[in-house]
Amino acid sequence: MNRRPSLLAVTALTAVAALSLSACGSGDDSSSDGIKGADVAGGTGSASPSASASQGGVERPEITLPSEFRADFESWTNSDPKLQAILNDGREELRSKYAAVIEAKPDSEAVAFYNSDATLTSARKWVKQFTDDDDSLIGKVRIFDAQVHINDTGSGVLFYCVDEREASTKNRATGKVIDTPDKPESLLQYRVRLDETPQGVWKTAALTTVPGACS
């Protein structure tokens, strides 16, 4: 079957206008290709549930990833509680999509919880690309160089890098594994805008990816 240049390709959900954070690396050409896969903060991967399930008193969905697929969120912390809340919900949005792929659930409630109306359809389409092909995720992704701030309109702006070169897809029926190419385009920068709900959840409102923008 034909694959996008990035094996774990994420569709760019909505153009992110006027994001003022610097890039992780030197790349600056936007692309609608991105990746698939990730897990827990602090550089450890496991089948443990989401660490932010009770953050802010809001009942968040429990997200669990299996040991076969690990996502390492490196230095995913900020001393400002509000910026940390943005980091937490941005992390869980990504984890929710990885879990939905692995569980073959394009209509995952967790994906819906962390996405706004503007991005939910595209997020589900991204998951469905895998489930339609009966593919799951194995291996490891590294998520690093998180940069976060709140812009003049009150939205959260989050940039981060994802290295997917150690991640692969595995077909459930055949067991065939397709590895991610070991090339610069397999390191992507995610550029995300998040808006806070009255309940205190930072939902993804816009997302685009830039292959090769991180090093």
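Atoms considered below: every heavy atom in the structure, side chains included; atoms not considered: hydrogens, waters and symmetry mates.
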Is there a side-chain contact (heavy atoms from CB on, under 4.5 Å) between D163 and V141? Walk through the geometry before answering. CA-CA 6 Å; D163 183 351; V141 291; over 6 Å; no

What's the spacing between W202 CH2 and D89 CG if we round to 0.5 Å? 9.0 Å

Close side-chain approach of V127 to K125, heavy-atom, < 4.5 Å: no

N115 versus T204, side-chain donor and acceptor atoms under 3.5 Å: no

Applied to residues 78-88, the salt bridge (charged side-chain N to carboxylate O under 4.0 Å, His left out) test, sequence neighbours excluded, yields K82-E196

Centroid-centroid distance, Y160 to W76, less than 6.0 Å: yes

Using a 3.5 Å distance criterion without hydrogens, assess whether the side chain of Q147 forms a donor-acceptor pair with backbone atoms of F159. no

A side-chain contact here means heavy atoms from C-beta on lying under 4.5 Å apart; do L87 and T77 qualify? no

Does any part of the side chain of V201, heavy atoms only, come nearer than 4.5 Å to the side chain of R60, both counted from C-beta? yes

Side chain proximity check, K183 to S186, heavy atoms < 4.5 angstrom: yes

Separation between CD (E62) and OG (S96), nearest 0.5 Å, reads 14.0 Å

Going by heavy atoms in the side chains, are I178 and D135 under 4.5 Å from each other? no

Go through the steps for Y190 and T208 under the test side-chain contact (heavy atoms from CB on, under 4.5 Å), then give the verdict. CA-CA 6 Å; Y190 280 55; T208 191; over 6 Å; no

Does a side chain donor of either N171 or D134 reach within less than 3.5 Å of an acceptor in the other side chain? no

Applying side chain to side chain contact (heavy atoms under 4.5 Å, CB included), name anything that partners D107, two or more places apart in sequence or on another chain. R124

Indicate yes or no: at least one non-hydrogen side-chain atom of V210 is less than 4.5 angstrom from one of R191. yes

Between V177 and S168 the two heavy atoms that sit nearest each other are CG1-CB, 3.7 Å

Validation row: L83, I150 side chains within 4.5 angstrom (heavy atoms): yes

Is the side chain of R95 donor-acceptor paired with the backbone N or O of I63 at a distance under 3.5 Å, no angle test? yes

Checking K176 against K170 for the side-chain contact (heavy atoms from CB on, under 4.5 Å) test, could you report, in this order, the C-alpha distance in whole Å, the side-chain angles of both residues, the deciding distance, and whether it holds? CA-CA 6 Å; K176 182 178 180 181; K170 182 177 181 179; over 6 Å; no

Treating T131 as the side-chain partner and A104 as the backbone partner, does any N or O pair qualify as donor plus acceptor under 3.5 Å? no

Output all residues satisfying side chain to side chain donor-acceptor pair (under 3.5 Å) with S79, sequence neighbours left out; order by chain, then residue number. none

Atom CZ of R193 and atom OG of S155: how far apart are they, to the nearest 0.5 Å? 5.0 Å

Quick check: is I138 connected to I143 through a chain of hydrophobic side chains (ILVMFWY, heavy atoms under 4.5 Å apart)? no

So how far is it from L187 CG to E185 CD, rounded to the nearest 0.5 Å? 9.5 Å

List for me each residue that meets salt bridge (Lys or Arg N to Asp or Glu O under 4.0 Å) alongside K140, sequence neighbours excluded, and say none if there are none. E166

Just checking, is any N or O donor in the side chain of E92 or N88 under 3.5 Å from an acceptor N or O on the other one? no

Taking atom OH of Y114 and atom CD of E109, what is their separation to the nearest 0.5 Å? 12.5 Å

Within 45° of the six-membered ring axis of F113 and under 6.0 Å from that ring's centre, is NZ or CZ of K203 located there? yes

If you round to the nearest 0.5 Å, how far is CD of E93 from CG of L158? 10.0 Å

Are any non-hydrogen side-chain atoms of I102 and L65 less than 4.5 angstrom apart? yes

Those residues that, when tested against T197, pass side chain to side chain donor-acceptor pair (under 3.5 Å) (two or more places apart): Q199

D182 meets the salt bridge (Lys or Arg N to Asp or Glu O under 4.0 Å) criterion, sequence neighbours left out, with R165

